[in-house]
Amino acid sequence: MRQDPAPLSRYLRVHQDRGHTVLEFRGEIDIAAATEIAPYLDRVTDRTGARIVLDLRHIEFFDCSGLRLLYRARRRVLDRDGQLQLVCTHPLTLRVLRVTGLSRLLPPRPTLDAALGQPEATSGSL
């Protein structure tokens with residue numbers, strides 16, 4: 001059952017969809033946004049077997065602070081035997097993900113449906 005997103009902050013909206021917690025990052029994800037998002041991200045990634053989707057379709061800017069959030073979320077979810085999917089269509093962010101190698105560890109999907117339709121996927125490997 002899909003719930004309407006509830007605003008958590010100006011940078012993050014969260015909802016449940018098909019058994020996954022979907023975190024929609026919004027706006028400019030810089031150090032200020034990362035500081036606001038990190039505590040909630042840590043709470044949802046602290047559960048054993050968590051099924052998380054990070055949705056970056058609504059971002060306008062994404063810097064190294066955002067990359068640190070993704071790496072941290074990935075590590076925490078995998079350490080707890082969970083699943084993490086990434087949705088991203090922003091061309092510059094996709095480029096940063098490729099250049100840093102994160103796209104190999106956390107392959108971006110073009111849509112939320114594509115991410116939710118990957119039940120066996122957790123992450124890629126180097």
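Residue Tyr11 holds its OH atom at 13.5 Å from CZ of Arg26, rounded to the nearest 0.5 Å. Thr45 OG1 to Asp79 CG: the interatomic distance, rounded to the nearest 0.5 Å, is 9.5 Å. The line from CG of Leu102 to CZ of Arg74 is 8.0 Å long, rounded to the nearest 0.5 Å. Separation of atoms CG (Asp17) and CG (Leu116) is listed at 5.0 Å; rounding is to 0.5 Å. Put simply, CD1 on Ile37 and CD1 on Ile29 are 4.0 Å apart, with the number rounded to the nearest 0.5 Å. Here CZ of Phe62 is found 5.0 Å from CG of Leu56. Values are rounded to the nearest 0.5 Å.
Residues Ser9 and Glu36 come closest through the heavy atom pair CB-OE2, 2.6 Å. When every heavy atom of Glu28 is checked against every heavy atom of Ala33, the shortest pair comes out as O-CB, 3.4 Å. Minimum heavy-atom separation, Cys88 to Thr93: SG-CG2, 3.7 Å. Minimum heavy-atom separation, Val44 to Ile52: O-CD1, 3.6 Å. Here the closest non-hydrogen pair linking Val77 and Ala50 is CG1-O, 4.2 Å.
The shortest side-chain heavy-atom distance between Arg57 and Leu112 falls under the 4.5 Å cut-off. Taking the side chain as every heavy atom from C-beta outward, Leu94 and Pro108 approach each other to under 4.5 Å. The side-chain heavy atoms of Thr21 and Arg47, taken from C-beta on, include a pair separated by under 4.5 Å. Within the 4.5 Å cutoff, no side-chain heavy atoms of Thr111 are placed close to those of Val87. Under the 4.5 Å side-chain criterion, counting only non-hydrogen atoms from C-beta, Leu92 is not in contact with Phe61. At a threshold of 4.5 Å between non-hydrogen side-chain atoms, the residues Glu24 and His15 count as touching.
Residues in residues 81-100 take part in no salt bridge (charged side-chain N to carboxylate O under 4.0 Å, His left out) pair, two or more places apart or across chains.
Between Arg72 and Asp42, at least one side-chain N (NZ, or NE/NH1/NH2) sits under 4.0 Å from a carboxylate O, which counts as a salt bridge. A salt bridge is defined here as a Lys NZ or Arg NE, NH1 or NH2 lying under 4.0 Å from an Asp or Glu carboxylate O, and Asp113 with Arg18 meets this definition.
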Given Leu12 and Val14, is the side-chain contact (heavy atoms from CB on, under 4.5 Å) satisfied, shown in steps?
CA-CA 7 Å; Leu12 185 64; Val14 179; 4.0 Å; yes
I'd like to know whether Phe25 forms a side-chain contact (heavy atoms from CB on, under 4.5 Å) with Asp55, so could you lay out the CA-CA distance, the side-chain angles of the two residues, the decisive distance to 0.1 Å, and finally the verdict.
CA-CA 6 Å; Phe25 288 52; Asp55 185 348; over 6 Å; no
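Cluster membership check: Tyr71 shares its hydrophobic cluster with Leu23, using side-chain heavy-atom separations under 4.5 Å among Ile, Leu, Val, Met, Phe, Trp and Tyr.
Inspection of the Glu60 and His90 side chains reveals no N or O donor paired with an N or O acceptor under 3.5 Å.
Of the candidates Leu106, Leu86, Leu105, Leu86 is the only one forming a side-chain contact (heavy atoms from CB on, under 4.5 Å) with Leu97.
Residues satisfying the side-chain contact (heavy atoms from CB on, under 4.5 Å) test with Asp46, not counting sequence neighbours, are Arg76, Arg80.
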